[in-house]
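Working notes for the structure below.
Counting starts at 1 for both ligands and their atoms, following the listed order.
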Amino acid sequence: MPIEKNELRRVMGHFATGVTVITTCDETGKPFGLTVNAITSVSLVPPLILICVDKKADTYPYFDRSKVFAVNILSEEQETISRRFATSGIEKFDGIGYRKSESGCAILDDAVGHIDCRVLQSYDAGDHTIYVGEVLGAGAEDVPPLLFFRGGYRKLAP
Ligand SMILES: Cc1cc2nc3c(=O)[nH]c(=O)nc-3n(C[C@H](O)[C@H](O)[C@H](O)COP(=O)(O)O)c2cc1C
C-alpha cells in the first residue's frame, strides 16, 4: 500500500532544504516562475542539475514549452519573494527587480546565486515532470540562504 500523500509530505519535510525560485519565459520574453525546493545537482562533467515541476502549476506549460530555465537560490531576506512565487494567479514579477540571463530567464536581484540552464532531458514522474538542465552559467555570493524545514521557513543559526 503506497504511503498517503500528506504523510509523505510530512516525512519529506524533515529533510531540510534551501528555497529557490525557478524562472522561464514565453516566446515574447515574458517571465514566469514558481517557488521550488525539489532541485538537486546531478552531474559535474557534463554540468547537469534537475528540477521537479508540478503538472498542475499554472506555470508548468511555460516550463514545458520553453526548454530553458534558471534557478534563483533565495537569501534569508527573501521569504516574502518565496511566498509570492508560491502563490498562483498573481502577477508575480510586479515590482520585482531582475535581469535576463543568457538563456533569457529572469535572474532575481539580491539572490544568493543563480544557475542558468537549457533543458537536456525531461522525464514523466507521477504528478511532476523532472527537467534535467545543462548548466550554461552560474554564480553565487556569500549571503545567508533561506531554508525550509518541516513546513516552515528557517534561517541558519548565527
Ligand atoms: C518551500 C516550497 C517549495 C516548493 N517546491 C515545489 C517544487 O519543488 N515543485 C513544484 O512544482 N512546486 C513546489 N512548490 C509549490 C509551488 O511554489 C506552488 O504550487 C505555486 O503556487 C505554483 O505557482 P503557479 O501555479 O503560478 O505555477 C513549493 C512551494 C514552497 C513554499
Need the ligand 1 atom indices (1-based, order shown) with element for anything under 4.0 Å from a heavy-atom of Ala57. 25 (O), 27 (O)
Go through the steps to decide whether Thr17 and Leu147 satisfy the test side-chain contact (heavy atoms from CB on, under 4.5 Å), and finish with yes or no. CA-CA 6 Å; Thr17 68; Leu147 305 180; over 6 Å; no
Is Arg65 positioned over the aromatic face of Tyr62, cation under 6.0 angstrom from the ring centre and no more than 45 degrees off axis? yes
Mode of Ser82 contact toward ligand 1 - side chain, backbone, both, neither (heavy atoms, under 4.0 Å): neither
If you take the nearest heavy atom of each of Val36, Thr20, Leu147, Val21, which one is closest to atom 7 (C) of ligand 1? Val36
Taking 4.0 angstrom as the limit and counting only heavy atoms of Phe148, give me the atoms of ligand 1 inside it, by number and element. 1 (C)
Contact partition for Arg83 relative to ligand 1, non-hydrogen atoms under 4.0 Å: neither
among protein heavy atoms, the one nearest atom 22 (C) of ligand 1 is Leu34 CD1, 3.7 Å
Would you mind telling me if ligand 1 is within reach of the side chain of Tyr62, the backbone, both or neither, using heavy atoms under 4.0 Å? neither
Here the atoms of ligand 1 under 4.0 Å from any heavy atom belonging to Ala38 are 8 (O)
Min N/O separation Thr59 to ligand 1 under 3.5 Å: yes
Basic-acidic side-chain contact under 4.0 Å: Lys55, Asp124: yes
Would Ala86 count as being in polar contact with ligand 1, using the rule that some N or O on each side must be under 3.5 angstrom apart? yes
When you check the side-chain N and O atoms of Tyr131 and Asp64, is any donor under 3.5 Å from an acceptor? yes
Examine Phe148 together with Tyr153 and report whether their ring centres are nearer than 6.0 Å. yes
Does Thr24 reach the main-chain N or O of Val68 with its side chain, forming a donor-acceptor pair under 3.5 Å? yes
Note: ligand 1 atoms sitting under 4.0 Å from heavy atoms of Cys52 are 7 (C), 8 (O), 9 (N), 10 (C), 11 (O)
Do any N or O atoms from the side chain of Gln78 and from the backbone of Ser75 form a donor-acceptor pair under 3.5 angstrom? yes
Of all protein heavy atoms, the one nearest atom 28 (C) of ligand 1 is Thr35 O, 3.2 Å
Check the hydrophobic clustering (I, L, V, M, F, W, Y; side-chain heavy atoms under 4.5 Å; chains of links allowed) and say if Val119 and Ile22 are grouped together. yes
Proximity flag Lys92 to ligand 1, non-hydrogen atoms under 4.0 Å: yes
Ligand 1 versus Thr87, non-hydrogen atoms closer than 4.0 Å: side chain, backbone, both, neither? backbone
May I ask you to check whether Phe93 and Phe85 place their ring centres under 6.0 Å from each other? yes
Do Tyr60 and Thr129 have side-chain N/O donor and acceptor atoms under 3.5 Å apart? yes
Identify, by atom number and element, the atoms of ligand 1 in contact range of Asp54, meaning under 4.0 Å from any of its heavy atoms. 10 (C), 11 (O)
How far is atom 25 (O) of ligand 1 from the closest protein heavy atom, and which atom is that? Ser88 OG, 2.6 Å
Within the 4.0 Å heavy-atom shell around Val53, which atoms of ligand 1 are there? 11 (O)
I'd like to know if the side chain of Asn72 pairs up with that of Thr20 as donor and acceptor (distance under 3.5 Å, no hydrogens or angles considered). no
Does the residue Tyr153 have a heavy-atom contact with ligand 1, meaning some pair of atoms that are separated by less than 4.0 Å? yes
